[in-house]
Amino acid sequence: MHREDPRRRTPRTDVVLADPLLAEPRARLGDAIVKQAVSRALERCRAGEVTPEDVPAAAHAALPAYAASLRRVVNATGVVVHTNLGRAPLSPAAVEALTVAAGATDVELDLATGRRGRRGRSAMAALAAAVPDAGGVHVVNNGAAALALVTCALAAGRSGRRDVVIARGELVEIGDGFRIPELLESVGARLREVGTTNRVRLADYEAAVDDDVAFVLKVHPSNFLVSGFTSSVGVRELATLPVPVVVDIGSGLLAPHPRLPDEPSASAVLRDGADLVTASGDKLLGGPQCGLLLGTAELVESLRRHPFARALRVDKLTLAALEATLTGPVPPVAAALAADPAALRARAETIAAAIGEVPGGVAEAVDSTAAVGGGGAPGVELPSAAVALPAPLAEALRLDDRLPVVGRVERGRLLLDLVAVDPADDAHLVEAVRRCATRCADRCADRPAG
Ligand SMILES: *Cc1c(COP(=O)(O)O)cnc(C)c1O
């Protein structure tokens, strides 16, 4: 090689930035992101990996697709509501609604009169229509916020009643170290635990309720199962107590689901006599992150007007996505829960055939067992199908730069479970596996030489 020292020919940053190739990305992504890509390309130029003429193209090739670094991934884990993958994926209708709402929008304006309108009225109307048993509805930032607001309004307010009665078997840790009993105490409630880990009776509640008790809280054990010598008290019995009954159903099912017989729904719990129900919007409802509050008109109105409610207020994007989830086509979570195992198996066969041979084996369609996940329906097994591949492909697929695919490794094989994969992504799945297989093959081929 008789090239001139590349360090001397390395262009200046401002010269590269002015290259016409980078004009459109600068407008779309902003200068800071483009500058970073240019700096990296210049480093590669100094190292002799890129010619000075190719620096703008190298910077352009390394640009991210969006200004944010959260990336779209394919959920092939077989866990329908995967917390680490952002829980519920939104329906196309919800995505469109929040894109429209991202600009100036009539979230709090009545266009007919030109005056202030009630914030999120159409989303609230959609929620009320979906749960006719609720006299009132309200939405806050997440399930934990819903519980915090109820507790603030009922147990930390001016009533002088600070105690919350809760069964010992329902002192739930939700995830990431957060615990419901600590959440209640953090906003000023005093817990009055009743029963034991495995059993509680109505008499335990009756003995605990006195003038200091603000409400009885029933929490759905949404992420664990207790079996054996157990008993708990149903909402219908709790409703005979002389204080409000609040039920945290967790997963946000609005009506009973045939495949999830043990998962409580807002409608059923209200019909059984609960005064208030709290739930998440981004679990089984399949909507955006939010906390649902449903209950008697009077209690819900007092929550809505509580000063703390302002600190938990949802934004316009959430309201838009929630309304579209409730009124629009079946969201992905509901579609996954209703998936026909034979149809999943047929997709797996097609995908496996299209992938064919990969380093270390051949793609194969297999039956699989999927889970609901995300703090819902623990123990429920969903019959599903998957494409089985050699386990070493798991990392390569996760690190794919175009479309990361997250599967699960089971008994030494990588399974790409299709229950939560949009059929529209099947072709992308095939392409991603092929890309990774090629890369893996190259690396394996390099190894003996290197
Ligand atoms: C998930 C869950 C919560 C917390 O809801 P977030 O929306 O995550 O804040 C509270 N209670 C139960 C029973 C849950 O399952």
Side-chain angles (χ1 to χ4, degrees), residues 64-66 68-91 94-95 98 141-145 172-180 183 220-225 248 250-253 260 263 279-291 317-318 321 325 331-337 339 368-382 384 386-389 391-411 413-422 425 428-429 432-433 436:
Y66 311 98
S69 55
L70 284 184
R71 301 179 59 192
R72 180 169 109 81
V73 306
V74 174
N75 174 10
T77 59
V79 177
V80 175
V81 181
H82 199 299
T83 300
N84 302 145
L85 299 180
R87 288 195 183 159
L90 295 179
S91 68
V95 172
L98 70 81
N141 271 322
N142 56 21
V172 177
E173 175 166 320
I174 353 176
D176 196 21
F178 288 101
R179 296 168 169 173
I180 288 178
L183 169 73
H220 178 55
S222 57
N223 54 10
F224 67 101
L225 284 175
D248 173 13
S251 74
L253 266 193
L260 311 173
E263 201 59 22
S280 300
D282 55 349
K283 294 178 179 171
L284 295 181
L285 178 60
Q289 178 189 303
C290 60
L317 304 182
T318 305
T325 301
V333 168
L337 289 178
S368 154
T369 303
V372 174
V380 169
E381 298 186 339
L382 301 170
S384 178
V387 177
L389 293 161
L393 276 172
E395 188 188 68
L397 275 167
R398 245 182 12 248
L399 294 175
D400 187 64
D401 51 7
R402 268 193 256 169
L403 182 60
V405 175
V406 186
R408 73 172 189 274
V409 174
E410 205 172 273
R411 280 185 240 118
R413 291 208 289 184
L414 168 64
L415 297 188
L416 301 181
D417 192 308
L418 298 181
V419 75
V421 176
D422 185 342
D425 278 335
H428 295 135
L429 215 58
V433 175
C436 293

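Side chains included, hydrogens not; waters and symmetry mates left out as well; all remaining heavy atoms used.
Summarising the geometry, atom CG belonging to Leu284 is positioned 10.5 Å from atom CZ belonging to Arg87; distances are rounded to the nearest 0.5 Å. If you take OG on Ser368 and CG on Leu415, they are separated by 6.0 Å, rounding to the nearest 0.5 Å. Here Arg179 contributes atom CZ and Asp176 contributes atom CG; the two are 12.0 Å apart, rounded to the nearest 0.5 Å. Atom NE2 of His220 sits about 9.0 Å away from atom CG of Leu253, to the nearest 0.5 Å. Summarising the geometry, atom CG belonging to Asp400 is positioned 4.5 Å from atom SG belonging to Cys436; distances are rounded to the nearest 0.5 Å.
Remark: Asp425 engages Arg72, His428 in a side chain to side chain donor-acceptor pair (under 3.5 Å) (not counting sequence neighbours). Annotation: side-chain contact (heavy atoms from CB on, under 4.5 Å) contacts of Ala371 (sequence neighbours excluded): none. Every residue meeting the side chain to side chain donor-acceptor pair (under 3.5 Å) condition with Asn75, not counting sequence neighbours, appears here in chain and number order: Thr77.
Gln289 and Thr318 share no donor-acceptor pair across their side chains, judged by distance under 3.5 Å alone.
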- Task: Verify side-chain contact (heavy atoms from CB on, under 4.5 Å) between Val73 and Leu403, making sure each step is shown before the conclusion.
- Result: CA-CA 6 Å; Val73 306; Leu403 182 60; 5.8 Å; no
- Message: side-chain contact (heavy atoms from CB on, under 4.5 Å), that's the test. Do Val380 and Leu260 meet it? Break it down for me.
- Response: CA-CA 7 Å; Val380 169; Leu260 311 173; 3.8 Å; yes
- Message: As a quick check of understanding, evaluate side-chain contact (heavy atoms from CB on, under 4.5 Å) for Val406 and Asn84, giving each step before the final call.
- Response: CA-CA 11 Å; Val406 186; Asn84 302 145; over 6 Å; no
- Are Asp282 and Asn142 close enough, and set up right, to give a side-chain contact (heavy atoms from CB on, under 4.5 Å), and what steps lead you there? CA-CA 8 Å; Asp282 55 349; Asn142 56 21; over 6 Å; no
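The two residues Val172 and Pro221 have their closest heavy-atom pair at CG2-CA, 4.5 Å. Considering all non-hydrogen atoms of both residues, Leu90 and Pro288 come closest at CD2-N, 3.5 Å. Across all their heavy atoms, Pro331 and Gly286 have their closest contact at CB-O, 3.8 Å. Shortest non-hydrogen contact noted between Arg408 and Thr369 is NH2-O, 3.4 Å. Heavy atoms only, all atoms of each residue included: Asp248 and Ile180 are closest at OD2-CD1, 3.5 Å. Minimum interatomic distance between Val80 and Ala336 (heavy atoms only, all atoms of both residues): CG1-CB, 3.8 Å.
For the pair Leu416 and Leu397, the minimum side-chain heavy-atom distance is below 4.5 Å. With a 4.5 Å cut-off on side-chain heavy atoms, Val405 and Arg398 do not count as touching. With contacts defined as side-chain heavy-atom distances shorter than 4.5 Å, the pair Val372/Leu337 qualifies. Two residues are said to be in side-chain contact when any heavy atoms from C-beta on lie closer than 4.5 Å; Pro89 and Val333 meet this criterion. Residues Ser251 and Ser222 are not in side-chain contact: their nearest non-hydrogen atoms beyond the backbone lie 4.5 Å or more apart. For the pair Pro378/Asn223, no side-chain contact is recorded, criterion being any heavy-atom separation below 4.5 Å from C-beta on.
Heavy atoms of other residues, nucleotides or ligands lying less than 6.0 angstrom from OH of Tyr66 number 12 at most. Remark: Arg71 CZ is packed, more than 12 non-hydrogen atoms of other residues, nucleotides or ligands lying under 6.0 Å away. Remark: Leu225 CG is packed, more than 12 non-hydrogen atoms of other residues, nucleotides or ligands lying under 6.0 Å away.
Between the side chain of Ser280 and the backbone N or O of Lys283 there is no donor-acceptor pair closer than 3.5 Å.
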